[in-house]
Every structure is written in structure tokens, then in C-alpha cells.
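Scope of the values below: all heavy atoms of this structure, side chains included, with no hydrogens, waters or symmetry mates.
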Amino acid sequence: FFFKLIKNWFLLLISLLLAFLIAFAYIRYSTQLFSAETSILIKEDNSLPSASDLLYEKGSTKQKSLENKELMIKSYPLVYKTLEELSFDIGYFIEGNIKVTETNEAPIILKCTNVKALKGKKIKIDIIDDNRFSLIDISTQKEQIRKFNEKFLFNDVEISVEYNINYLVDASDMPVTIVKFYDLQSLTLLYQQKIVVSQEDKESTVIDISILTEDEKKGVVFLNKLIDSYIESEVAEKNLTSNNTVSFINEQLTEMSDSLALIEQQIQQYKNN
């Protein structure tokens, strides 16, 4: 076998060079994915009793399983609300010399009154100076020069572009930004598939939530907002339970007071008779 390798050394050298070239091209041109992960502690011992439990004199309700919590975190309404509040239906991409990469922070901030009407559209924005920028519709290649903070119509939809002062790059090195418009409903379904909810230890009540994204910071921002939305929904549910419980108790007290008043009236009539 060794002598066969020596005899065909040129084939081995060519195959190694070809393999290294393929690996180099794959690493350089492929899209990198970053993993963002967070954990949340689920407390199961502080749920309030519902009105039915009070009616039937039950001291505590049946605790919700962790599986229900996991499904709730990945639920469509919660993910939709998170993406809507973060305005992720407008995506920003930085055009480099080799590839286009997604980013959470771009040199510009685009404001749109109706993103759904522009779903699937892509525009390229190149900053000319502190006051002007060039806007190119990628589908039609039509170019127009606009001013920052100026409201104008794009495909019959009013948009405006602001200069992002928090983007820490020299004015001479400002990259070209590509803006993509997404359908929020389709984007929600996509993020539902990306979210991975797991339980590291079956005996604990800690849930791990992770997601793979092209921009690591964007994944962190999304997970933080998702947890905030989940906590808000839990607080709203507890407040609703508390309000329903108070309403139920007040109704029962009203019925009991009416019953006692009726009984007292009957006793008074009996005494009079």
C-alpha cells in the first residue's frame, strides 16, 4: 500500500489540494450560524386557586406541567408578539466583498407604515453623506437619491430612513445596507421552527431555550424579548385569575347577604304572626 502511494503521489497531492480548496471555499462563502441560549426557572408552587377551586373548597389547583410551559414559550401568539415588538419583519444585511451577512445593527434605521404590503421586496441603501443616501430597488434596479428623515413613497407605501448614530464605524467605511421586508406570519412560523426548548435535568424546573441565527446579537435580543413577553403573559394570567377570584367572592357574598336578608325577613314575619 505504501509503494502504491509513492507511485501515485501526484494523485494524492492533487486530491489533498482539491480538498483544502473546497474546505476553504466552504468556510469562506457559507453562512455562519451562532447559537444563543438562555434559561428560565419555572416556579410551580405559587399558583393562585381559581373560582371553581374556591367553590368546591379545594386548597390548590393542579400544577401545570413543564411540557405546557415549553409549548407556551414556542406558541404562535407569543413568538408573533415578540417579533412584532422587535420589528423583525424588517431585516438588515451588510453587503461585504464576499458575502451578505445579516445584522441586528445597521448604519440606517428604516421606518415603514405598512411592512406587509412590501413583503418579499429588497432595497439597497448606500450612504452618500450625512444628509443623503442612494436607494436602489433590487428587483427593478431603479435608483433614487433621498434625504434622511424624509418621508417618501416606495411601491405606494410611505417609508423613511434615519441615520443610525449608534453604528460605530467611520463615515468613510460605511458599508452598503440591504433591507428585506418579511411577512410577519411566515416569519413567526420560521422562528417557531428555530426555537429549541429543552430540559437539561428532568428533576429540575429549569428550561433551556436556544436558537441558531446568522447574527449572534440578534439571537440574544430575540431570546431576551421572548422571555420578557412570556413573563408578561404569566403576570397577566395571574392578574386575571386574581380578578376572577375577587369577582367570584364578591358575587358569593352578595348572594349570601341576599339570602340572609330574606331569611331574616321570614323570621321577622314569623315573630309578627
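Looking at C112 and I90, their side chains come closer than 4.5 Å, going by heavy atoms from C-beta outward. Proximity of I159 to L118: side-chain heavy atoms (C-beta onward) are separated by under 4.5 Å at one or more points. At a threshold of 4.5 Å between non-hydrogen side-chain atoms, the residues D208 and V197 do not count as touching. With contacts defined as side-chain heavy-atom distances shorter than 4.5 Å, the pair M72/S233 qualifies. A 4.5 Å side-chain heavy-atom check between I42 and I207 finds at least one atom pair inside the cut-off. Between Y167 and P175 there is a side-chain heavy-atom pair separated by less than 4.5 Å. Residues I123 and I136 fail the side-chain proximity criterion, which asks for heavy atoms closer than 4.5 Å. Using a 4.5 Å heavy-atom threshold, the side chains of I209 and S39 count as separate.
Hydrophobic cluster membership differs between V79 and L71, with clusters built from Ile, Leu, Val, Met, Phe, Trp and Tyr side chains linked at under 4.5 angstrom. When hydrophobic clusters are built by joining Ile, Leu, Val, Met, Phe, Trp and Tyr residues whose side-chain heavy atoms come closer than 4.5 Å, directly or via intermediates, L33 is not grouped with Y29. Residues M174 and V179 fall within the same hydrophobic cluster, defined by Ile, Leu, Val, Met, Phe, Trp and Tyr side chains chained together at heavy-atom separations under 4.5 Å. By the criterion of side-chain heavy atoms lying less than 4.5 angstrom apart, applied directly or through intervening Ile, Leu, Val, Met, Phe, Trp or Tyr residues, V100 is not grouped with V176; the two fall into different hydrophobic clusters. Under the 4.5 Å side-chain heavy-atom criterion for Ile, Leu, Val, Met, Phe, Trp and Tyr, L189 and L86 are members of the same hydrophobic cluster.
Once rounded to the nearest 0.5 Å, the distance linking CD of Q199 with OG1 of T205 reads 8.0 Å. One finds the CD1 atom of I128 at 9.0 Å from the CZ atom of F133 (value rounded to the nearest 0.5 Å). Taking CD1 of I227 as the start and CD1 of I73 as the end, the distance is 5.5 Å to the nearest 0.5 Å. One distance of note links OG1 of T177 with NZ of K124; it measures 11.0 Å at 0.5 Å rounding. To the nearest 0.5 angstrom, F24 atom CZ is 14.0 Å from L17 atom CG. Taking NZ of K147 as the reference point, atom CG of N131 lies at 7.5 Å (rounded to 0.5 Å).
Between Y182 and F93, the ring planes are tilted. Angles from 30° to 60° get that label.
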Stepwise, does the side chain to side chain contact (heavy atoms under 4.5 Å, CB included) test hold for F1 with L5? CA-CA 6 Å; F1 183 74; L5 291 178; 3.6 Å; yes
For Y80 and L187: C-alpha separation, side-chain torsions, deciding distance, then whether side chain to side chain contact (heavy atoms under 4.5 Å, CB included) applies. CA-CA 8 Å; Y80 184 93; L187 190 64; over 6 Å; no
Do F34 and L212 pass the side chain to side chain contact (heavy atoms under 4.5 Å, CB included) test, and can you show the C-alpha distance, the side-chain angles, and the key distance before you say yes or no? CA-CA 5 Å; F34 298 91; L212 288 176; over 6 Å; no
Please walk me through it: do E232 and K81 pass salt bridge (Lys or Arg N to Asp or Glu O under 4.0 Å)? CA-CA 11 Å; E232 289 177 3; K81 177 185 176 184; 3.3 Å; yes
After noting the C-alpha distance and the side-chain angles of E105 and N166, does the key distance pass the side chain to side chain contact (heavy atoms under 4.5 Å, CB included) rule? CA-CA 9 Å; E105 293 183 354; N166 296 322; 5.9 Å; no
Please determine whether salt bridge (Lys or Arg N to Asp or Glu O under 4.0 Å) holds for the pair E234 and K69, giving the CA-CA distance in whole Å, both sets of side-chain angles, and the decisive distance to 0.1 Å. CA-CA 10 Å; E234 287 288 294; K69 298 290 185 180; 2.9 Å; yes
Please walk me through it: do R132 and D129 pass salt bridge (Lys or Arg N to Asp or Glu O under 4.0 Å)? CA-CA 5 Å; R132 299 178 302 156; D129 51 37; 3.3 Å; yes
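Partner of Y92 under the side chain to side chain contact (heavy atoms under 4.5 Å, CB included) criterion, out of I125, D215, I108, T101: I108 alone. Shown are I165, N164, I94; of these, the side chain to side chain contact (heavy atoms under 4.5 Å, CB included) with P107 is made only by I94.
With salt bridges taken as basic N to acidic carboxylate O contacts below 4.0 Å, none links K180 and E102. Salt-bridge check for E158 with K111: failed, with every basic side-chain N at 4.0 Å or more from each acidic carboxylate O.
Side-chain atoms of Q192 come within 3.5 Å of backbone N or O of K74 as a donor-acceptor pair. Between the side chain of E85 and the backbone N or O of T82, no donor-acceptor pair lies under 3.5 Å.
A 6.0 Å sphere centred on NZ of K116 holds no more than 12 heavy atoms belonging to other residues, nucleotides or ligands. Remark: K225 NZ is packed, more than 12 non-hydrogen atoms of other residues, nucleotides or ligands lying under 6.0 Å away. The environment of K119 atom NZ is sparse: at most 12 non-hydrogen atoms of other residues, nucleotides or ligands sit within 6.0 angstrom. Applying the 6.0 Å contact sphere to OH of Y26 captures no more than 12 heavy atoms from other residues, nucleotides or ligands.
Contact record, E216 with S35: OE2-O, 4.5 Å, taken as the closest heavy-atom pair. Residues K99 and I27 approach most closely at NZ-O, 4.3 Å, considering heavy atoms. Taking both residues in full, the closest heavy atoms of L223 and S210 are given as CD1-CA, 4.4 Å, listed atom of the first, atom of the second, then distance. Nearest approach of L78 to Y230, heavy atoms of both residues: CD1-N, 3.7 Å. The two residues S139 and D137 have their closest heavy-atom pair at OG-OD1, 2.9 Å. Closest approach of I178 to E95, counting heavy atoms only: CD1-OE2, 4.2 Å.
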In a table with atom names and distances, give each donor-acceptor pair under 3.5 Å that connects a side chain of residues 260-273 to protein atoms at least two apart or in another chain.
from	atom 1	to	atom 2	distance (Å)
N272	ND2	Q268	O	3.2
N273	ND2	Q269	O	3.2

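When the ring-ring contact (aromatic ring centres under 6.0 Å, His included) test is applied to Y191, the partners found at least two apart in sequence or on another chain are F222.
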